K.L.:
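Quick one: the structure is below, and I'll ask about it shortly.
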Amino acid sequence: MGNPDLEKVKERMRTLRREIDEHNYRYHVLDQPLIDDQTFDHLMRELQELEQTYPELQDPDSPTMRVGGEPLSAFEPLDHKVAMLGLDNAFNEQELHDFDARVRRLSGLESLEYLCELKMDGLAVSLQYEEGVFMRGATRGDGYTGEDITQNLRTIRQIPLQLPEPVTLEVRGEVYINKAAFEQLNRQREDQGLPLFANPRNAAAGSVRQLDPRLAGARPLRIFVYGLGEHSLNKSTQKELLDYLHKLHFPVNANYEVCSGPGEAWDYCLKWQDKRYELPYETDGVVIKVNRLNLQQSLGFTARSPRWAIAFKYPPEEKNTRVIDIRVNVGRTGAITPVAILEPVTLSGTTVQRASLHNEDFIDAKDIMIGDIVSVHKAGEIIPEILGVLKEKRTGEERAFTMPRSCPSCGSETHRLGGEAALRCLNPTCPAQLVEKLVHFASRRAMDIEGLGPAVAEMLFREGLVKDVGDLYYLRPEQLVGLERMAEKSAANLIEAIRKSRENPLRRLMFGLGINFVGEKAARLFAEKFGHLDLLRQASEEELTAIPEIGPKIAEAVVSFFGMPETGPVLDKLKQAGVNFYEPASSEQAEAAAILAGKTFVFSGALEEFTRDQAADLVEERGGKVASSVSKKTDYLVAGEDPGSKLEKARNLGVEILDETGFKEVLKG
Ligand code: IVH
């Protein structure tokens, strides 16, 4: 028996890891959390602190290790002991019956039971567990050798690092991204000026193959497991296997069904044909597997695929329709985007009537004309997109479209700035841009002003009631009543919604201002770091880029926004109207705040690492006070270079004196 205290610490760490794993599982796999986020964060923090204090007790399978380690320069190859093959496809009912006939002939059985599963559209991965511990994971690669992506897989909260049983086995599954998370990811990338992912599958594949695991960890990756690689389990059916994998804490898609033959399997395919659009993730088909595992084994594989399974692929949802017109939209940053107006078609469960044409280059590359018959699909089942023109259907009546030389809203000349694909209206007082800015400001993720959509924003602007977001807060009910679709009640509701929006935290206001490249995430980081808009608007590019996730492009956009002559008056109007400029401290900050509550600091002499203001901020963020002169009430005198007479006085009064290192220690609490 070693040091009894150390034994206690070990025991506590074991308990914490077990509890955190369990809560992770309940939250990420079962979707049935037992505790709130804050309580979870507390457990996590306690474990992190113990691991920092006792680095010798660190464990690679600790839930704290999901954050991702150092970036790699390349992935190592990893051989698959059991090949990761693809599946043969069936495209219609007949091909499904052909598959069944083949299996019956090879097995000599008259009828067979199948297990039907949804085919997830993501990226195949293999996960190796040794005695219940996650060891390694790989991509499929060429089927025989994949890439070792263990570090990235660890960041996926749904993947158990430790199984409830000490089994050694290799599990196969599909990593994917939910449709909503994909949209959010792309919005974030758009805000940051990064290239967009074409669909959730590409986003998942790109994320899994990120060399920096911290970046991979920030992506909303998920997984479903559906089978095994090398193993020594003894299950009798695919259904039993899936149930067992579920019991081992793996996420297993619950929509599988046992089918008595190819007829029922086909019914399953039909049942999900439209229903799949209601799922939060993308599926591109159904996988039909022989249910009995000993039969799977005896049927074996061809060079390319298993003989015991087939994938029914839904026909790609691609339809032809006519481009009735091409119109342009002026966005809030002045970008002029061409949009195709389409004859309505149903795609992936909804009616599509518009598709963005992005920019002039896109139209040129696809050679799209007004009147053309085009094929359309939904990228990622979400975003309508024109795939191409059916040129053989042209009649000669089609008209070419040219981007406008002047802004359709304000008439000022349009420009294509060096290197940009977008055509822009550069007039900062362009009505279309101002209306879009209002709409963005009021949108749900920004100031969340209900009732202030595009039509109302347009009208307020047209009537001369609102020229910028600041004016919203000075609207009076009598100005609204009588306007289009504005009865007394709706006018009162709108005014109330605007009034209520004043209480939003700074992060929402910052996002709502619509600064180039500042999405929700950057807005939150700025708000948390600076705490008040007045501090944020004075920040230099260096101070902004001191936030790890903020790059020079965003920082420059922020500084230039606050430096524009139009900005000051708008912010003054907001402030005068009582719009909140503060970001309330997060629970983490609030906890940090408690550390120095009731303590008074006096600074004397220059510090090396901080300016006086920064040092004062650090004290105040933690609930402490800064005074200019030493008295009996002073708790600490922080003495820098050349401290002067305050040091003398502090000594005489018996005030505790800190050098810069001591000061930093006190800040840590
Ligand atoms: S079983 C031996 N089941 O589809 C191969 N695959 O085209 C056994 N996939 O590489 C694969 N959902 O990436 C299976 N429920 C499911 C699946 C599934 C998606 C993917 C997987 C595989 C590809 C085959």
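Indexing begins at 1, ligand by ligand and atom by atom, following the structure's order. Predicted, not measured: the structure shown is a model, and the values here were computed from it.
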K.L.:
Show your working on ring pair (Phe, Tyr, Trp, His ring centres under 6.0 Å) between Y114 and Y268 and close with a plain yes or no.
P.N.:
CA-CA 11 Å; Y114 293 103; Y268 180 90; over 10 Å; no
K.L.:
Verify whether one side chain among T64 and Q48 offers a donor that lies under 3.5 Å from an acceptor in the other.
P.N.:
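No.
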K.L.:
Quick check on A311 - does any of its heavy atoms sit under 4.0 Å from an atom of ligand 1?
P.N.:
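Contact absent.
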K.L.:
Decide whether the shortest distance between a heavy atom of R140 and an atom of ligand 1 is less than 4.0 Å.
P.N.:
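R140 counts as a contact of ligand 1 under the 4.0 Å cut-off.
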K.L.:
Just need the protein heavy atom nearest to atom 5 (C) of ligand 1, so name the residue and atom and give the distance.
P.N.:
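Looking only at protein heavy atoms, the one closest to atom 5 (C) of ligand 1 is L85 O, 3.3 Å.
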K.L.:
Classify the side-chain pair D361/N359 by whether it contains a donor and acceptor separated by less than 3.5 Å.
P.N.:
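Absent: no donor and acceptor within the cut-off.
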K.L.:
Please report which non-hydrogen protein atom sits nearest to atom 20 (C) of ligand 1, along with the residue it belongs to and the distance in Å to one decimal place.
P.N.:
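Nearest neighbour among protein heavy atoms for atom 20 (C) of ligand 1, to 0.1 Å: E174 OE1, 3.3 Å.
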K.L.:
Regarding atom 12 (N) of ligand 1: of the candidates Q238, M120, K289, E117, which has the closest heavy atom?
P.N.:
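Result: the heavy atom closest to atom 12 (N) of ligand 1 is in M120.
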K.L.:
Which is closest to atom 6 (N) of ligand 1 by heavy-atom distance: Y226, Y256, F301?
P.N.:
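Shortest heavy-atom distance from atom 6 (N) of ligand 1: Y226.
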K.L.:
What are the atoms of ligand 1, with element, lying closer than 4.0 Å to any heavy atom of P306?
P.N.:
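What qualifies from ligand 1 is 2 (C).
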K.L.:
Establish, for the pair R189 and F197, whether the NZ or CZ atom is under 6.0 angstrom from the six-membered ring centre and no further than 45 degrees off its axis.
P.N.:
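R189 over F197 ring: yes.
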K.L.:
Could you name the option among T283, L118, L87 that has the heavy atom nearest to atom 24 (C) of ligand 1?
P.N.:
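Minimum heavy-atom distance to atom 24 (C) of ligand 1 goes to L87.
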K.L.:
Keeping the roles fixed (side chain from R157, backbone from T155), state whether a donor-acceptor pair exists under 3.5 Å.
P.N.:
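Side chain of R157 to backbone of T155, a donor-acceptor pair under 3.5 Å: yes, one is there.
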K.L.:
Atom CG of residue position D142 - does it have more than 12 heavy atoms of other residues, nucleotides or ligands inside 6.0 Å?
P.N.:
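Yes, enclosed.
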